[in-house]
Amino acid sequence: IMKFRPCIDIHEGIVKQIVGSTLTESNNDKPIENFVSTKSTSDYAKLYKDNNLYGGHIIMLGPNCEQATMDALQSFPNGFHVGGGINNENAKKYLDSGASHVIVTSYVFIDGKIDFNRLIELSQLIGK
């Protein structure tokens, strides 16, 4: 059985599909967009909730994505994993706001290796 896992990619507060290799940290480089939605994150979250599609991901692609993420979490509590800039200072906030899980890959992997101190600290902070 195949299970659909939806994803909401947020860039600059808007639902977008971006060519991944074109998203850089440089302010001079504008990423190539495959698709820019006119619908809000809440619209997608409600659609996924109405169709019982738990376990999807919200990925914050850079700054100015927090409010759109919170809107989606409020529309579908415990329906999404949240990733993109998650660290020891904000992980609990997203869990408390309705994320079922947080994606912490960039925070716990340093130079391709797991930083177990960070992982342990994060686990102690969020209780998971």
Does either side chain, that of N117 or that of E121, offer a donor lying less than 3.5 Å from an acceptor on the other one?
no
D9 (side chain) donor-acceptor with L61 (main chain) under 3.5 angstrom:
no
Tell me whether the count of non-hydrogen atoms from other residues, nucleotides or ligands lying under 6.0 Å of NZ in K49 goes above 12.
no
Do V102 and I120 belong to the same hydrophobic cluster, where Ile, Leu, Val, Met, Phe, Trp and Tyr are linked whenever their side-chain heavy atoms lie under 4.5 Å apart, directly or via other members?
no
Other residues, nucleotides, ligands: >12 heavy atoms within 6.0 Å of K92 NZ:
no
Let me confirm one number: the CD-CG distance from E66 to D71, rounded to the nearest 0.5 Å.
10.5 Å
Between P31 and H11 the two heavy atoms that sit nearest each other are CG-CE1, 3.7 Å
Could you tell me the separation between the CG atom of L125 and the CG atom of N90, rounded to the nearest 0.5 Å?
11.0 Å
Decide whether F4 and V15 are clustered together by the hydrophobic rule: side chain heavy atoms of Ile, Leu, Val, Met, Phe, Trp, Tyr closer than 4.5 Å, transitively.
yes
What is the minimum heavy-atom distance between C65 and G13, and which atoms define it?
SG-N, 4.0 Å
Could you pull out the closest heavy-atom pair between I10 and I58, with the gap in Å?
CD1-CG2, 3.6 Å
Starting at CG of L47, measure out to OG of S75 and round the result to the nearest 0.5 Å.
11.5 Å
If you compare all heavy atoms of A72 against all heavy atoms of A45, which two are closest, and at what distance to 0.1 Å?
O-CB, 3.5 Å
Side-chain contact test, heavy atoms from C-beta onward, threshold under 4.5 Å: evaluate it for R118 versus N88 and give yes or no.
no
Transitively linked via ILVMFWY side-chain contacts under 4.5 Å: L53 with I103?
no
Any ring pair (Phe, Tyr, Trp, His ring centres under 6.0 Å) involving residues 99-122? Give me the pairs, sequence neighbours left out, ordered by first then second residue.
H81-H101
Is there a donor-acceptor pair closer than 3.5 Å between any side-chain N or O of S123 and the backbone N or O of L119?
no
Look at the side chain of D43 and the backbone N and O of S40, then say whether any donor-acceptor pair between them is shorter than 3.5 Å.
yes
Is there a side-chain contact between Y54 and K3, using heavy atoms and a 4.5 Å cut-off?
no
Within the side chain of N87, is there an N or O that forms a donor-acceptor pair under 3.5 Å with the backbone of E89?
yes
Heavy-atom count around Q74 CD within 6.0 Å, excluding the residue itself: above 12?
no
Mind listing the closest non-hydrogen atom pair of A91 and I126 along with its distance?
CB-CG2, 3.9 Å
If you group Ile, Leu, Val, Met, Phe, Trp and Tyr whenever their side-chain heavy atoms sit less than 4.5 Å apart, what else falls in with V36?
I14
Measure from the ring center of F76 to the ring center of Y44 and say whether it is less than 6.0 Å.
no
Would you indicate whether the side-chain heavy atoms of Y48 and I8 approach each other to under 4.5 Å?
yes
Is a side-chain donor or acceptor of T41 paired with a backbone partner of A68 at a separation under 3.5 angstrom?
yes
Do the side chains of L122 and I86 get nearer than 4.5 Å, heavy atoms only?
no
Heavy atoms, side chains only, cut-off 4.5 Å: are K93 and M70 in contact?
yes
Check for me, please, whether M60 and F35 land in the same ILVMFWY cluster - side-chain distances under 4.5 Å, paths through other members count.
yes
Could you tell me whether a side-chain N or O of S100 sits under 3.5 Å from a main-chain N or O of F80, the two making a donor and an acceptor?
yes
